[in-house]
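Worksheet for the structure shown next.
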Amino acid sequence: MAMDLDALKRAAALKAVEYVRDGMVVGLGTGSTAKHMVMALGEKVRSGMQLRGVPTSQETATLAREQGIPLIDADNAWVIDVAIDGADQVDPAFNLIKGGGGALLKEKIVAASAKQFIVLVDQTKRVPALGGSFPLPIEVIPFGWGSTARAIEGLTKSSVILRERNGFPFHTEAGHVILDVHLARIDNPRELEIALTLIPGVVETGLFVGRTDLLIVGTAKGVETYPATRT
Ligand code: 5RP
C-alpha cells in the first residue's frame, strides 16, 4: 500500500511543535513539511500561546500571517530559540541537503542563529549518504554564473544545471540563481561545503553539516525522534 507522505510530514510537524514553549522566538522553515509546522503553531497561537516567528521565505511569511503568528522584522538582530525546518536528504550523521524549494540561504542564516535546530522529515528523506538521488543546490551570484558553474564542475567532476522555472532562470528571494549539482555520492560533506564556498560567486550551499540538534522522522510505524550533537 502506498504511504501517505503528507500524513507522515504532518505527524513529524505535530511532534516538533511540542518543543515550542510560551514566549519563544521560532525560526519558520520553508516547504511542504514546514508548512504543517507553521499551521500547527498557528493553532497554538490561537489557543493563547505567545510566540514570534522568523520566516525563511515570503511563502512562509504569508502563511504565518494567515495563521496569526506575529513575525519579527528581518532587520533585527534576533535571538531565535528554536528553528524548525524540513530537508531534502538526511544522512546517518544528521547532515542535510536543503534548498529544493530555493530558500536555502535564509534557511541557513536562521538555523545558524537558532539555539536549537529541529529538522523534520518523512522517512523517505533518510539516505545512507548525501547526493545520488537528489542534486545539491548551490546559490550563486548571477554575474558570471556560467564561469562559477564551470569551477563547480571542475571541483566536483559532476554536471551542474542552472535551475529554471517556467523556462527562465529561477531567482531566489535574494536575487541570486541556483545551480543544481548532480553528485554521485558525497563522502565528506564538510570538506565539500568548505571547498565550494571558496569558489568566487558562490553565496551558499545546500549542505547543512553538523547543524542538526534534533531529527524528527515521520514513519509508517510512528514518529521517531533522534537527538544529535552539533559538530
Ligand atoms: C526549501 C527546503 C525544504 O526544507 C526542503 O526542500 C524540503 O521540502 P519539503 O518539506 O517540501 O519536502 O530546503 O528550500
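Residues take their numbers from the sequence shown, with the count starting at 1.
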Would you compute the distance between atom CE of Met37 and atom CG of Leu120 and round it to the nearest 0.5 angstrom? 6.5 Å
Using modelled atom types and a 3.5 Å cut-off, is there a donor and acceptor pairing between side-chain atoms of Glu173 and backbone atoms of Gln58? yes
Quick one: do Glu193 and Lys108 make a salt bridge, cutoff under 4.0 Å? yes
Of Val203, Leu104, Leu162, Ile161, the residue whose pairing with Ile178 passes side chain to side chain contact (heavy atoms under 4.5 Å, CB included): Leu104
Enumerate the salt bridge (charged side-chain N to carboxylate O under 4.0 Å, His left out) contacts for residues 32-46, please, sequence neighbours excluded, ordered by first and then second residue. none
For the pair Thr225 and Tyr19, evaluate side chain to side chain contact (heavy atoms under 4.5 Å, CB included) and give the outcome as yes or no after the intermediate values. CA-CA 12 Å; Thr225 305; Tyr19 291 83; 3.7 Å; yes
By side chain to side chain donor-acceptor pair (under 3.5 Å) - contacts of Glu18 (at least two apart): Lys15
Tell me if a side-chain donor or acceptor on Asp88 pairs with a main-chain N or O of Gly100 at a distance below 3.5 Å. yes
How close do Gly131 and Ile97 get, heavy atom to heavy atom, and via which atoms? N-CD1, 3.8 Å
Are Phe117 and Val217 connected in a single hydrophobic cluster, I mean Ile/Leu/Val/Met/Phe/Trp/Tyr linked by side-chain heavy atoms less than 4.5 Å apart? yes
Go through the steps to decide whether Ile152 and Val202 satisfy the test side chain to side chain contact (heavy atoms under 4.5 Å, CB included), and finish with yes or no. CA-CA 9 Å; Ile152 294 171; Val202 170; 4.2 Å; yes
So which heavy atom on Gly175 is nearest to which on Pro142, and how close? O-CG, 3.3 Å
Can you check whether Leu215's main-chain N or O pairs, donor with acceptor, with Thr212's side chain at less than 3.5 Å? no
Phe170 reachable from Phe134 in the ILVMFWY side-chain graph, under 4.5 Å edges: no
Within the distance-only criterion (no hydrogens, no angle test), does the side chain of Thr172 pair as donor or acceptor with the backbone N or O of His176 below 3.5 angstrom? yes
Keeping the roles fixed (side chain from Thr56, backbone from Lys106), state whether a donor-acceptor pair exists under 3.5 Å. no
State whether the side chain of Asn95 and the backbone N or O of Gly210 hold a donor-acceptor pair below 3.5 Å, judged by distance alone. yes
Verdict with supporting geometry, Phe208 and Glu107, side chain to side chain contact (heavy atoms under 4.5 Å, CB included): CA-CA 10 Å; Phe208 283 52; Glu107 289 173 337; 4.1 Å; yes
Kindly indicate whether the side chain of Leu198, heavy atoms from C-beta on, has any atom under 4.5 Å from the side chain of Leu196. no
Are Leu51 and Ile72 grouped together when hydrophobic residues (ILVMFWY) are joined by side-chain heavy atoms under 4.5 angstrom apart? no
Measuring from atom CZ of Arg10 to atom OG of Ser32, what distance do you get when rounded to the nearest 0.5 angstrom? 14.0 Å
Can you check whether Leu28's main-chain N or O pairs, donor with acceptor, with Asp85's side chain at less than 3.5 Å? no
Do the side chains of Ile199 and Val209 join up, straight or via other hydrophobic residues, at under 4.5 Å, putting them in one cluster? yes
Correct closest heavy-atom pair for Val223 and Ala12 would be CG2-N, 4.2 Å
Could you check whether any side-chain heavy atom of Val119 comes within less than 4.5 Å of a side-chain heavy atom of Leu214, counting everything from C-beta outward? no
Give a yes or no on whether Arg230 atom CZ has more than 12 heavy-atom contacts from other residues, nucleotides or ligands under 6.0 Å away. yes
When you group the ILVMFWY residues by side-chain heavy-atom contacts below 4.5 Å and let the links chain together, are Leu5 and Val121 in the same group? no
Could you grab the distance from atom CD of Glu224 to atom OG1 of Thr219, nearest 0.5 Å is fine? 4.5 Å
Within 6.0 angstrom of Met49 CE, more than 12 heavy atoms from elsewhere: yes
Is the shortest side-chain heavy-atom distance between Val25 and Val79 below 4.5 Å? no
Pairwise distance NZ(Lys98) to NZ(Lys125) - rounded to 0.5 angstrom: 8.5 Å
Just to verify, what does Thr33 make a side chain to side chain donor-acceptor pair (under 3.5 Å) with, not counting sequence neighbours? none
Of the non-hydrogen atoms in Phe94 and Ala228, which two are nearest, and what is the gap between them? CD1-CB, 3.5 Å
Side chains of Pro135 and Val160: does their closest heavy-atom pair fall under 4.5 Å? no
Report the residue from Ile194, Leu192, Ile186 that forms a side chain to side chain contact (heavy atoms under 4.5 Å, CB included) with Arg190. Ile194
Under a 4.5 Å cut-off applied to non-hydrogen side-chain atoms, are Ile80 and Ser113 in contact? yes
So do Arg52 and Leu71 actually touch side chain to side chain, heavy atoms under 4.5 Å? no
Just wondering, do Leu179 and Trp145 contact through their side chains at under 4.5 Å, heavy atoms? yes
Distance under 6.0 Å and angle within 45° of the ring axis: does Arg126 meet both against Tyr226? yes
Show the numbers, then the answer: is there a side chain to side chain contact (heavy atoms under 4.5 Å, CB included) between Ile138 and Val140? CA-CA 6 Å; Ile138 303 182; Val140 307; 3.9 Å; yes
Minimum-distance pair of heavy atoms, taken over all atoms of Gly23 and Asp81: O-OD2, 4.4 Å
Taking side-chain hydrogen bond (donor to acceptor under 3.5 Å, both in side chains) as the cut-off, I'd like each qualifying pair that reaches into residues 151-169, sequence neighbours left out, listed once. Arg163-Asp180
Side chain to side chain contact (heavy atoms under 4.5 Å, CB included) filter on Val82, not counting sequence neighbours, yields Val20, Met24, Val26, Ile84, Gln116, Ile118
Does Thr205 reach the main-chain N or O of Leu207 with its side chain, forming a donor-acceptor pair under 3.5 Å? yes
Write down the atom of Ala111, the atom of Ala83, and the distance for their closest heavy-atom approach. CA-CB, 4.2 Å
Sequence neighbours left out, what passes salt bridge (charged side-chain N to carboxylate O under 4.0 Å, His left out) with Asp187? Give chain and number order. Arg185
Could you state the interatomic distance from CG (Leu96) to CD (Gln89), rounded to the nearest 0.5 Å? 10.0 Å
Does Asp91 use its side chain to pair, donor to acceptor, with the backbone of Leu130 at less than 3.5 Å? no
Leu41 side chain near Gln67 side chain, heavy-atom distance below 4.5 Å: no
